[in-house]
Each structure stands twice: as C-alpha cells, then as structure tokens.
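Take a look at the structure set out below.
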2 protein chains.
Amino acid sequence: MFSNSTKYAIKAVLYLAVHSSEEQKIMIKDIAEPINVPKHYIAKILQALSKKDIISSTKGPKGGFYLTSDQLQTKVMQIIETVDGEERLNSCLLSLEKCNSDNPCSLHHLVFDEKNKINERLKMTILKDLRQHIMRGESILPL
Amino acid sequence: MFSNSTKYAIKAVLYLAVHSSEEQKIMIKDIAEPINVPKHYIAKILQALSKKDIISSTKGPKGGFYLTSDQLQTKVMQIIETVDGEERLNSCLLSLEKCNSDNPCSLHHLVFDEKNKINERLKMTILKDLRQHIMRGESILPL
DNA sequence: AGTAAAATATGATAAAAATCACATTTAAGA
DNA sequence: TCTTAAATGTGATTTTTATCATATTTTACT
C-alpha cells in the first residue's frame with residue numbers, strides 16, 4: 001500500500017512526535033536505530049521532510065531533528081503525499097485513468113467505500129492524535 | 001496496493017473471462033493490445049497463471065489462452081496471491097511483524113476493519129461474478 | 001578564531017521490478 | 001511428414017526503488 005520510504009517516514013515522524021520537542025532534539029542515528037531503518041536512508045527522508053516543513057532540524061553540535069507544536073498538527077495523509085506523491089492513494093486499483101464511480105472498473109465496487117473511509121481517516125488524523133494514542137498505551141511505537 | 005504484475009494479471013484474466021471459452025481461444029497479442037499491457041510482459045504472467053491452473057492454454061496453430069467453466073469459479077484473491085504472494089495483502093501498514101489487534105501499530109485502528117472487509121470481498125468474489133457485472137454493463141472491462 | 005558535531009547535498013552502488021528478446025517445444029493442417 | 005503458428009523457457013536489459021558513502025555547510029563551544 002505504501003512505499004518503504006513512506007513507511008519509514010511515518011515511523012520516524014511518530015518517533016519524533018513521542019520523543020522530541022524544541023528542547024529535545026534527536027540525531028539521525030538515535031532515530032534510525034529504534035525504528036529499525038537504515039541510517040543513510042532515513043537521513044535522506046528526514047532531509048526531505050525537513051525541507052517540506054513537516055519536521056524541523058538544526059545543524060551543528062546539540063543539533064538534530066524535532067517537531068514543533070505546530071508540526072504535531074500535521075495530518076498523516078500529508079506525510080504520505082509528501083513522500084509517495086498524491087496519486088498513489090487516489091488511483092484506481094487497476095490503475096485505469098478513466099475509472100470512476102460513473103464508469104467503474106470491475107473491482108471498483110469491491111473497495112470504493114472502504115478505501116474512501118480509510119482515506120478520510122488518514123486525512124483527519126493528526127500526529128498529536130497518534131501520539132496520545134501511543135502514550136495511553138493503546139498502540140505501540142513501531143520498531 | 002497491487003504490483004503491476006497483479007494488475008496486469010487481473011486485467012488479462014477478466015478479458016479472458018468475458019471473451020474466451022474452450023472453443024474460443026485467444027492469442028497473447030490479442031490479449032495484450034486491448035488491455036494495454038506490454039506483450040512480452042503479459043506473456044510471462046499468462047504462462048505463470050497457466051502453470052498454476054488459473055487459466056488454460058494450448059500451443060500450436062489455433063492455440064491460445066482461455067478459461068474453462070471451472071476456472072470461472074476462481075476467486076479474485078487467488079489471482080492476487082498467485083502473482084504477488086500471500087503476505088502483501090495481509091501485512092501491517094508499516095510492515096511491522098509484531099503488529100496485530102492485541103499489539104497494534106499506530107495506524108492499525110485506522111484501517112483494520114476496512115482492510116478486512118476488502119479482503120473478505122476479494123476472497124468471495126469469483127470471476128463469474130465480475131463477468132456478469134461487466135456483461136450487465138455495471139462495470140467496464142479495463143483498458 | 002578554531003575545532004568538533006551535527007545536518008545537508010550530491011552522487012554511487014545494489015536490489016528488485018518491469019520490460020524485451022529469442023531459441024525451443026508443441027500441435028494443426030496441407 | 002513438413003511447415004507454420006502458437007505457447008513455453010530462459011535469460012538479458014532497462015527502470016525504479018532502496019541503500020550506502022562522502023564531501024560540504026552550519027553552529028555551539030572553547
């Protein structure tokens with residue numbers, strides 16, 4: 001459903017959501033290890049996310065990555081779209097350009113309602129929600 | 001969600017479900033073109049499906065690919081699993097091995113019910129159903 | 001100012017997925 | 001039985017994705 005890059009991005013951002021703050025920056029190597037992602041690969045992804053202002057960073061000693069309270073408002077969907085591009089989740093199961101509810105492909109009706117529901121949730125769920133969920137012990141931080 | 005190979009496989013098999021029969025075999029090139037898939041690529045996929053007995057084939061002049069009436073009973077899920085392997089649809093969104101409903105990852109609850117519902121449908125829908133749907137004009141054959 | 005510790009930029013390599021090519025096998029029909 | 005038309009088997013090439021490496025820039029601290 002998602003590319004590895006997106007999965008890694010979500011894991012990293014969730015890690016930051018739980019463990020970082022403006023006063024508590026985290027270095028690449030201290031993110032890569034607990035979320036179980038190759039260091040160089042996650043570095044590239046974090047840089048891209050930083051450029052898009054989904055996460056924050058500072059260089060130099062005592063530097064690292066972190067989330068501001070504004071950035072805790074980021075929707076999960078925004079991360080997915082930033083890394084994988086907008087189409088991936090919106091495209092037809094069979095990748096038919098012309099497929100839509102008026103002119104549905106043969107699998108359309110099997111998934112349409114559910115896919116919509118999932119997309120809606122990804123659009124309305126923000127990092128703060130997931131963080132709360134984790135801190136309440138209702139879900140686990142990924143590794 | 002699916003690999004290109006699986007999308008192509010489904011398109012090809014649907015094409016056969018609508019246009020072929022034991023008396024009406026179809027050559028690779030006459031499948032590849034209408035479903036808009038590279039000829040050599042779909043050839044390889046059709047061979048694999050044939051070996052797994054999801055479709056039938058005969059060599060030589062007047063040969064080609066076709067479905068028997070038994071093969072019209074094939075579930076959509078079987079095609080997906082044959083091409084992409086079993087895990088793809090069952091794995092966690094973040095590909096965490098340990099993720100399950102007792103120990104859910106942070107995205108689990110956003111998609112679990114819907115993903116299950118979709119999987120159920122893919123498991124119970126057979127080619128004959130989709131063929132009927134198409135022939136009634138309720139969905140389109142892909143291209 | 002100088003040094004060291006961090007991210008950043010850029011590009012190289014490896015692995016996987018998609019695509020292409022062709023020689024081999026099988027079966028129909030003359 | 002010969003020729004031809006089809007699938008089959010095998011592998012090569014290309015493209016995309018994932019991963020690794022390293023030189024550069026920035027910033028804190030001495």
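The chains referred to below are lettered A, B, ... by the order of the sequence lines, with proteins before strands, and numbering in each begins at 1. A quick note: this is a predicted structure, and the numbers were derived from the prediction, not measured.
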With respect to the phosphate group of [N], does any side-chain polar atom (N or O) of [X] fall under 4.0 Å of OP1 or OP2?
X     : N      : value
B/Y8  : C/dT19 : yes
B/S57 : D/dA6  : no
B/S5  : C/dA18 : yes
A/T58 : C/dA6  : no

Exceeds 12 heavy-atom contacts within 6.0 angstrom, atom CD of B/E33: no
Side chain A/K44 and base C/dG11 donor-acceptor under 3.5 Å: yes
Main-chain N/O of A/S3 paired with A/D84 side-chain donor or acceptor, under 3.5 Å: yes
Pairwise side-chain contact, A/I80 with A/I10, heavy-atom cut-off 4.5 Å (strictly under): yes
Touch class at under 4.0 angstrom, heavy-atom based, for B/I26 against every strand present: sugar-phosphate
Rounded distance (Å) that lies between atom C1' of C/dC22 and atom CD1 of B/I28: 13 Å
Interatomic distance, A/K59 NZ vs D/dT26 P [rounded to whole Å]: 5 Å
First of B/K29 and A/K39 reached from the 5' end of DNA chain D, by closest nucleotide: B/K29
